[in-house]
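Right, one structure below, let's go through it.
When reading the values below, keep in mind they use all heavy atoms of this one structure, side chains included, and skip hydrogens, waters and symmetry mates. In this text the structure is predicted, and so the values were computed from the model without any measurement. Each chain gets a letter, A, B and so on, in the order the sequences are listed, and its residues count up from 1.
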Number of protein chains: 2
Amino acid sequence: MKPEALPPGSVIGMLGGGQLGRMMALAAARLGLRVHVYCPDPASPAFEVAAAHTVAAYDDAAALAAFAEAVDVVTYEFENVPAATAAVLAAHRPLFPDAHALATAQDRVAEKTFLRAAGVAVADFHAIDGVGDVDAAIATCGLPAILKTRRFGYDGKGQAKVATRDNLVAAVAALGGRDLVLERLVPFALELSAIVVRGAAGDVAVYDVGENRHENHILKETVVPARVAPETRAAADALGRRIAERLGYVGVLGVEMFLVRDEAGERLVVNELAPRVHNSGHWTEDGAVTSQFENHVRAVAGWPIGSTARTGDTVMENLIGDEAADWLAIVSDPDARLHLYGKTEARPGRKMGHVNRVRR
Amino acid sequence: MKPEALPPGSVIGMLGGGQLGRMMALAAARLGLRVHVYCPDPASPAFEVAAAHTVAAYDDAAALAAFAEAVDVVTYEFENVPAATAAVLAAHRPLFPDAHALATAQDRVAEKTFLRAAGVAVADFHAIDGVGDVDAAIATCGLPAILKTRRFGYDGKGQAKVATRDNLVAAVAALGGRDLVLERLVPFALELSAIVVRGAAGDVAVYDVGENRHENHILKETVVPARVAPETRAAADALGRRIAERLGYVGVLGVEMFLVRDEAGERLVVNELAPRVHNSGHWTEDGAVTSQFENHVRAVAGWPIGSTARTGDTVMENLIGDEAADWLAIVSDPDARLHLYGKTEARPGRKMGHVNRVRR
């Protein structure tokens, strides 16, 4: 049986008030859905375009309960939603993606264990909860390898490349001694991502796979379609579907992958799941029939997902720090589509906006 | 010299909080511009997606002055802005489109006089300020003809078709006895509209001309491109440019036209100007590189206008009254792009949303 679709005028509760929440709120408004944003930061970019907002901490149980009562469904724009917060909300209202998807994506070991069980290739990995795990981890992953915190890493934070056993022992201590994971270094040719969307009724679609280029561990550019073999595009599509289906996922899911090229050809190794709309999917606002933001909103509202068909070859460029100061040159280019997030302070490394360039 | 472009974060003051204001606010947010909506109706659809709003009457001088102080530029979503309101605001801040454009478009006699002077064909017309003008008006326009109020008409309101002198005398009395205009009946084959945008620096572009179908005097459907001769499309483009340039116009301008087909071929007769974004331009949200809403925002902010290139053949259908109840069927159609305005009450004749269907 299909789940009931929330009628227009319904309220989507959104945890997190950054640019992802803002773009989801804009997409929801277009569909006649209202958004209530919950975020501790009183200067959240999403507040200005949302029908309602709550400024409160993520562990404020009373504020969370009042928020849940005021909305029809809850979703989020970031994967580090505390499990306790998710549990409080899920007790009142449907939460999409659900607590299981969230917990899986929050923990690198749980994530890789799930992916491997789903038949998806991941880098060899070994959990580390103390120096006693170091030798077994090296035996599994080889050296050099990458040591990461199991939880709460982003934009290259919470990780270290290690070349020797001594390096690893030191890095384990530096990263807190426990709740870590060692991962085999993947000699990748490209970083790719698949943006998957699955509706509450089980309808699923994958946008054309994109090719990502990072600078200083921050996404700088996504090129769609990725410059890979057609078989690789099909493989990315297939694994995206499989992951979303195995998770019983509802919403947009970002699947970050490495492309390995060797004598056997191209193969994909999944690096990480993001249980939310994803920066590498921003091209869909101008280069696809339905944006990832609209499709996430549709999915969590129980609506059928929209066409993910690509309408042109698209390059998405992030505007980081003071790069957004070039806004006038960008809007003077007839091929450029500017998106700014309404942030007032252009700190180094801060994502201020992005530009899509579409060739139709 | 080019006017200075308002930087991101600047505030656009918007008079009127209906769906047009709402869609402009959504477009502005995408560009990092903030919108402050001024509207007497506390349930205005635009409030929910605007950074700030004021609920006050259009003749509340204190509220208008405070509003003007809070914004960087003022625009509006409806042409019936009282002249006194425009004057108060323009004394504080730039007003686009300006008071001259507004005054011209508000009065059918001023509008047709301007158009004729600009070399644009209009129907024969004659001002009527009492029964004493009836015979001269009939001599100019013939019978049957259409009697209209000079000001404040919309969706077929404030007008009457008259077949005889007696009809006309009665209709003059029924419409208030003065500030009326008689217009020659134009035997049109189609109703067309050109959506023109002109930037503060004088850059101007016209979207591909659309063909409009009305039901009960309310726009029901716009088909783009209009099914007319290529020369007619070029003529619509040229007259749109000419009108915007002669008015020194800044912003989006809707030009409603009749297409007359006779033995000499096709010719255009301009019926009315709308000094604002226009319902027949809603197709641009999904069928053009830059929507009319974004281009209006760009123009009033002093930014260069964006490409008006069409990306596909588009049919825009208005959802009127309870037609919006079909939302689930519409979003289940992969070719349909739904836009709802967040209105809670579906009164008969009320515009609740629209659907764009694009063939690429």
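A:Leu328 places a side-chain heavy atom less than 4.5 Å from the side chain of B:Pro304. Counting only heavy atoms from C-beta outward, the side chains of A:Leu340 and B:Leu31 never approach each other to under 4.5 Å.
Of the atoms belonging to B:Ile330, not a single heavy atom falls under 4.5 Å from chain A. The contact between B:Ala29 and chain A is made by backbone and side chain atoms together, counting heavy-atom distances below 4.5 Å. Contacts of B:Pro7 with chain A are made by both backbone and side-chain atoms, with heavy-atom separations under 4.5 Å.
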Taking only distance into account, so ignoring hydrogens and angles, what donor-acceptor contacts under 3.5 Å exist between chain B and chain A?
residue  : atom : partner  : partner atom : Å
B:Arg22  : NH2  : A:Ala29  : O            : 2.7
B:Ala29  : O    : A:Arg22  : NH2          : 2.7
B:Arg30  : O    : A:Leu340 : N            : 2.8
B:Arg30  : NE   : A:Leu338 : O            : 3.4
B:Arg30  : NE   : A:His339 : ND1          : 3.2
B:Arg30  : NH2  : A:Leu338 : O            : 2.5
B:Arg34  : NE   : A:Glu48  : OE2          : 2.5
B:Arg34  : NH2  : A:Glu48  : OE2          : 3.0
B:Glu48  : OE2  : A:Arg34  : NE           : 2.5
B:Glu48  : OE2  : A:Arg34  : NH2          : 2.9
B:Val289 : O    : A:Arg337 : NE           : 3.4
B:Glu294 : OE1  : A:Arg337 : NH1          : 3.2
B:Glu294 : OE1  : A:Arg337 : NH2          : 2.9
B:Glu294 : OE2  : A:Arg337 : NH1          : 3.2
B:Arg298 : NH1  : A:Val331 : O            : 3.1
B:Val331 : O    : A:Arg298 : NH1          : 3.1
B:Arg337 : NE   : A:Val289 : O            : 3.4
B:Arg337 : NH1  : A:Glu294 : OE1          : 3.3
B:Arg337 : NH1  : A:Glu294 : OE2          : 3.3
B:Arg337 : NH2  : A:Glu294 : OE1          : 2.9
B:Leu338 : O    : A:Arg30  : NE           : 3.4
B:Leu338 : O    : A:Arg30  : NH2          : 2.5
B:His339 : ND1  : A:Arg30  : NE           : 3.2
B:Leu340 : N    : A:Arg30  : O            : 2.8

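Per-residue counts of heavy-atom pairs under 4.5 Å with chain A were compared for B:Pro45, B:Pro8, B:Ala51, B:Pro334; the largest is that of B:Pro8. Comparing A:Gly353, A:Gly306, A:Ala50, A:Gly342 by how many heavy-atom pairs each has under 4.5 Å with chain B, the most go to A:Ala50. Residue with the most contacts toward chain A among B:Val331, B:Leu26, B:Leu33: B:Val331 (heavy-atom pairs, distance under 4.5 Å).
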